[in-house]
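Atoms considered below: every heavy atom in the structure, side chains included; atoms not considered: hydrogens, waters and symmetry mates. In what follows, chains carry the letters A, B, and so on, assigned in the order in which the sequence lines appear, proteins first and then strands, with residues in each chain numbered from 1.
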Protein chains: 4
Amino acid sequence: MAKSVNKVILLGNVGKDPEIRSTGGGTMVANFTLATTDRAKDQQGNWQDKTEWHNLVAFQRTAEIVRDYVKKGTKLYVEGKIQTRSWDDKESGQKRYRTEIIVNDISLLSGRDDAGGGGGYSRGSNAGSFDQRQPAAQEDFAQSAEISDDDIPF
Amino acid sequence: MAKSVNKVILLGNVGKDPEIRSTGGGTMVANFTLATTDRAKDQQGNWQDKTEWHNLVAFQRTAEIVRDYVKKGTKLYVEGKIQTRSWDDKESGQKRYRTEIIVNDISLLSGRDDAGGGGGYSRGSNAGSFDQRQPAAQEDFAQSAEISDDDIPF
Amino acid sequence: MAKSVNKVILLGNVGKDPEIRSTGGGTMVANFTLATTDRAKDQQGNWQDKTEWHNLVAFQRTAEIVRDYVKKGTKLYVEGKIQTRSWDDKESGQKRYRTEIIVNDISLLSGRDDAGGGGGYSRGSNAGSFDQRQPAAQEDFAQSAEISDDDIPF
Amino acid sequence: MAKSVNKVILLGNVGKDPEIRSTGGGTMVANFTLATTDRAKDQQGNWQDKTEWHNLVAFQRTAEIVRDYVKKGTKLYVEGKIQTRSWDDKESGQKRYRTEIIVNDISLLSGRDDAGGGGGYSRGSNAGSFDQRQPAAQEDFAQSAEISDDDIPF
DNA sequence: TTTT
DNA sequence: TTTT
């Protein structure tokens, strides 16, 4: 009987293979990015495509589905909620923010061969992606605010 | 005929009176914040409220509505899309991000006296305008298709 | 990992006090109607309000909330899915249809005294619980990334 | 500044080639059906797929897109609103209802060769489908309540 | 970084 | 009537 609503609906393409981790408490966590593209008029009145990148996080059973079926290029429908985490920047002492979509539900829209990579959705196909780097600007985040059991929103 | 979807639905309370500005080109812009509150279990298994703050931006006609009717405490339903802007921090040279909700549609849910401040958006109360006539004729349905355990959809 | 989506979002006013029943199997069921009102241009080009009535059904725990807190006039936010049931009309033998919204989630928007009838769902007012603390630190953003015409997303 | 919300989000597959018509006033109208499939537990506790069929109606520019790109089997994301029309049954004099989704926005999810039919999305590819019959139970509706300019919801 |  |  919530008194408020925080709901996000996204449909787009996954930017790279998800990163799969576990918290100390054993909760599986999947991090990945999703691109949505808008058509908008620019200053000159020309239509331009503008891509928006979203940081998604899935937990537990949903993280397993991500691990097993989602990879770079996968077209996905996602329902979730917006969450902004903050931490203190080590260098400057400033407050910094990172907004993420906590994924509640997921629907795979790619056909079997639509998504980028090699063979299909076999479990463990993301094994090699553990090492993938985040975009530069999130290094600081990664170090200062690695996900912990305190961050699990349930 | 978009190939992607970027949609946000929020229902919550406005954090403070909106800031209204105009760009150099004369576009009206309204900035404000909206709080949504989740109930979630913490590490000890106790239910805790957790408030999420969203940065909202409205333009043009929607900004005018915000200017005229929205203030601190207003309960709002909002539809919009997620947009993250980035810039280089002057001090550190680091890339920084700010995620905002670009508001497309707004629905004022506060009654006339619910929201915080003084004056208000006067446009009539809802009281007299609620059409209470019901469609007739569910009777045939009621008799022929009374709900049974077979109809429970789970 | 559904391959399809069937989602409804409604915000409107309840048409009359809900009917509460139980199935033979003991599942609680709540039936009620919700009005949403659209503003649309008629044939003469005049703006007209048009009310749409939705048949809602809630089960189990959600039905209990409906029983306890929802009555004629209550303003509600609802999430659910569309379901059409059919049966054979006793008289004519024709197939007949009834479309309902199966309610998954509900949010009560009426203030304590907003809804029509007598008694009410007492559980505290919202007044004291609205967390008014704002996140600090938008200053850097404000200085470095003041909105300009380039940022208008249309 | 609506005071209510009536929003539907569907993602599923088109049941057969759309019917394209024009009202007397020259508004293009596209009618088609969309299937969504739910997984739900039946009485015996077994998971069962249950398909829900939705009646969709698109107008004007959206109807043109439907005409040009949508056919039997197309996977679609749709946003719209619920509308129930009623008419008096000629035979029985009873009030009858038909619930439709008025489509506001559409996103084609089928790759070029995913959808059923022959060549791609050429304009007019649906020419042969004008003649398609509706499911039996809607014959009465078709005769009694053929869409007219009065039914255009804008 | 995706996709069309 | 769709799809996996």
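Distance D:Asp49 CG to F:dT4 P: 13 Å, rounded to the nearest Å. In this structure, D:Lys50 places its NZ atom 19 Å from C1' of F:dT4, rounding to the nearest Å. The interatomic distance linking A:Leu76 (CG) with E:dT4 (C1') rounds to 17 Å, in whole Å. One atom, NZ of A:Lys75, and another, P of F:dT3, lie 19 Å apart when rounded to the nearest Å. Between A:Asn55 atom CG and E:dT1 atom C1' the separation is 11 Å, expressed in whole Å. For the pair D:Glu19 CD and F:dT1 C1', the interatomic distance rounds to 12 Å; values are reported in whole Å. Separating the CZ atom of D:Phe32 from the C1' atom of F:dT2 is a distance of 13 Å, rounded to the nearest angstrom. One interatomic measurement links the two molecules: NZ of A:Lys71 to C1' of E:dT3, which rounds to 15 Å at whole-angstrom precision.
Considering only the side chain of C:Lys3, F:dT4 comes nearest among F:dT4, F:dT2, E:dT2. The listed nucleotides are F:dT1, F:dT2, E:dT3; the one nearest the side chain of D:Lys16 is F:dT1. Residue D:Thr37 places its side chain closer to F:dT3 than to any other of F:dT3, E:dT3, F:dT1. Here the side chain of A:Trp53 is nearest to one of E:dT1, E:dT3, F:dT2, namely E:dT1. Comparing E:dT3, F:dT1, F:dT2 by their closest approach to the side chain of A:Asn13 singles out E:dT3.
Judged purely by distance below 3.5 Å, without hydrogens or angles, the side chains of A:Thr37 and B:Ser4 never pair a donor atom with an acceptor atom. Residues D:Thr74 and D:Ser110 bring no donor and acceptor atom of their side chains to less than 3.5 Å of each other. With 3.5 Å as the limit, one finds a donor-acceptor pair spanning the side chains of A:Thr36 and A:His54.
When C:Asn6, C:Val57, C:Val8, C:Leu56 are each tested for a side chain to side chain contact (heavy atoms under 4.5 Å, CB included) with C:Ile102, only one passes: C:Val57.
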**OP:** Applying salt bridge (Lys or Arg N to Asp or Glu O under 4.0 Å), run through C:Glu52 and D:Lys81 and close with a yes or a no.
**Re:** CA-CA 10 Å; C:Glu52 192 66 35; D:Lys81 64 178 175 185; over 6 Å; no
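When heavy atoms are screened at a 4.0 angstrom cut-off, D:Thr36 is found touching no nucleic acid atom at all.
Under 3.5 Å, the side chain of C:Ser4 and the base of F:dT3 form no donor-acceptor pair of N or O atoms.
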